[in-house]
Amino acid sequence: MSASAPNGSSDVSGSGRRVSFPRSVRLLRHADFERVYKQGRRHFAAHMTVFYLARAEGEGLRVGFTVGRVLGGAVQRNRMKRRLREAVRLRRPAESAAVDVVINPKKSLLTADFADVEREVSRAFEVIQKSVEKR
RNA sequence: CAGCCGGACCGGACGGUCGCUCGCCUCGUCUUCGGAUGAGGUGGGAGGAAAGUCCGAACUCCGCAGAGCAGUGUGCCGGAUAACGUCCGGGAGGGUGGGUUCAAAGCCACUCGACGGAAAGUGCCACAGAAAACAUACCGCCCCGCAAGGGGUAAGGGUGAAAAGGUGCGGUAAGAGCGCACCGCCGCCGCAGCAAUGCGGCGGGCAGGGCAAACCCCACACGGAGCAAGACCAAAUAGGGAGGGACCCGGGUUCGCCUGGGACACGUGCCGACUCGGCGCGUCACCACCUCCGGGUAGGUCGCUUGAGCCCCGCAGCAAUGCGUGGCCUAGAGGAAUGACCGUCCUGCCGGGAGACCGGCAGACAGAAUUCGGCUUACAGGUCCGGCUGCCAU
RNA sequence: GUCCCCGUCGUCUAGCCCGGCCUAGGACAUCGCCCUUUCACGGCGGUAACACGGGUUCAAAUCCCGUCGGGGACG
């Protein structure tokens, strides 16, 4: 437990690394989403489903979110996206293979503990790294 | 002080760490000089409904001589407004309560409301009832008659949502606006009012059902689509057009080409043969290739936030609202930013405690997407103003 | 974001335009009885709906307005 992180729930500043999540590592284009959905593999978790696909060119991890209308009103959907984005920001690996990832949340994400969400995202990234390196 | 009603307003507060997005400043890198990108600093970053998309506009494109038809909408009067189905004021009307009265209406208070036309026409009015819009007479009542029946009547009964005005007195064989009084209705006149309409007078015994949120008639308004509008830049792939490739000369031409000769190139046959030369034959102008042009998808840029704008004060107006002085700049994303975690405090509930207090939980409805004016719907809690009622004190 | 359409038994539907005969009809499903040794088939009977709230009308599933829910089109 670092002295600069008195809350202790997430040692953000304990690692010493500034964690950010700029737009350049987001998945933003419709065509990218379609490709991941059609050709990608899936990883299931309690509060979300993660689609991922290795990219041929470029480097690093890119992440996008899909939150459909069935998951609730605009307030609920925005909350899911914001919590997911925050979790990805905190748990995003510094170095990674070239992979595109799409996360589909489930309704339970709205009420889940944020620590659980962080843990799930972190675990999903580990699984994806192993799966991609095996090829 | 409490409760109810109406109106206006707020929509947890402060701080820390990390992040997202937009603007500005400084410094780098790349550059096709348009810009792209990175770091640091600094400032801004959801709502009263942002919602539903129910009306009205601005704006953009398309269409258009003018008018009409069709269609849609609105519908008492006056005003406000850029406009409206909105808002303000007023007027008829309905409902509830009070009071007068034998009873009711007229009267008073509160409240509601899509409120033009039913003597332009068409249609419908189930069941019940004699009769449902042409008027009629079931039980009755009265008169004549021994009776059968005939005549008068519409007060009473009955049916119905609705049955040729209501109440009272007179009148009559019984009755009836048959006569009278009051109220209602129709017409005319006068006065008040911009008008809707109201008030008064005179005349008429009374013409006539309801439904137009049924078709419809009248008056008024409206061209259609919508920022995914629209404008600009524009990859890959496919496809369109023009030119080159396809040289020179002569002739013809419908200007697309056709024809004769020659040169070059390519392919091929034969002959000679040293890399080559000579002769003959063929070469469809399709495809492919190159250059340019136009449409246009992905993608990008603009539209994109200074506007019928907000705040304070004053003036005009009963008000909606308008005018004037001064001040302010207040989100602009685009698979879509406005968040995550924590601390202190505030409000409410629960538990513990004699109490100060301690612990836990909760803090609504809900998220900008071109922009405004309205309407409707959802909403914890709180503040202010006005009115009414109750209680306490003076 | 913009623009449209639709809500009737558990399911699919008729009735709505032009209001009353609607106590809302039919089919499948379901329940009970009969038939049969039993099941099936068949017959008889029952349960069961106008999305919600206002308004117009004597009277509303139907006409008008507003909510709520569902579905679709447009790059």
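So that the names make sense, note that chain A is the first sequence line, chain B the second, and so on, each numbered from 1. Values below: all heavy atoms of this structure, side chains included; hydrogens, waters and symmetry mates excluded.
- Of the side-chain N and O atoms in A/R23, none sit less than 4.0 angstrom from OP1 or OP2 of B/G335.
- For B/U330, the base adopts the syn conformation, since its glycosidic angle falls within 90 degrees of zero.
- Rounded to the nearest Å, the gap between the C1' atom of C/U67 and that of B/C110 is 30 Å.
- Contact check, A/R29 against B/A336: no side-chain N or O comes under 4.0 Å of OP1 or OP2.
- Rounded to the nearest Å, the gap between the C1' atom of B/A119 and that of B/G97 is 41 Å.
- Using Watson-Crick or G-U wobble geometry with both donor-acceptor distances under 3.5 Å, C/U11 finds its partner in C/A27.
- For the P atoms, the distance from B/G184 to B/G106 is 9 Å, rounded to whole Å.
- Using P as the reference atom, B/A8 and B/A13 are 24 Å apart when rounded to the nearest Å.
- Using atom P as the reference point in both B/G303 and B/C313, the two lie 37 Å apart (nearest Å).
- Going from the P atom of B/A128 to that of B/G123 covers 25 Å, rounded to whole Å.
- Nucleotide B/C289: paired with B/G244 (Watson-Crick or G-U wobble, both distances less than 3.5 Å).
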Protein-nucleotides 44-47 of chain B N/O pairs under 3.5 Å:
unit_1 : atom_1 : unit_2 : atom_2 : d
B/A46  : N1     : A/R82  : NH2    : 3.3

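- Of all heavy-atom pairs spanning A/E120 and A/H47, the tightest one is OE1-N, 3.2 Å.
- The phosphate of B/A336 has neither OP1 nor OP2 within less than 4.0 Å of any side-chain N or O from A/R77.
- Rounded to the nearest Å, the gap between the P atom of B/A229 and that of B/U297 is 11 Å.
- For the pair A/T66 and A/V75, nearest-nucleotide mapping onto RNA chain B gives the more 5' position to A/T66.
- When Watson-Crick and G-U wobble pairs are counted only if both distances are under 3.5 Å, B/C24 pairs with B/G41.
- For the C1' atom pair drawn from B/A83 and B/G73, the interatomic distance equals 15 Å after rounding to whole Å.
- By the 5.5 Å and 30° criteria, A/F33 is stacked with the base of B/G335.
- In this structure, B/U305 shows a glycosidic angle within 90 degrees of zero, which is the syn conformation.
- Here C/C17 is in the syn range [glycosidic angle within 90° of 0].
- The side-chain tip of A/R92 does not point at the ring of A/F125 from less than 6.0 angstrom away and within 45° of straight on.
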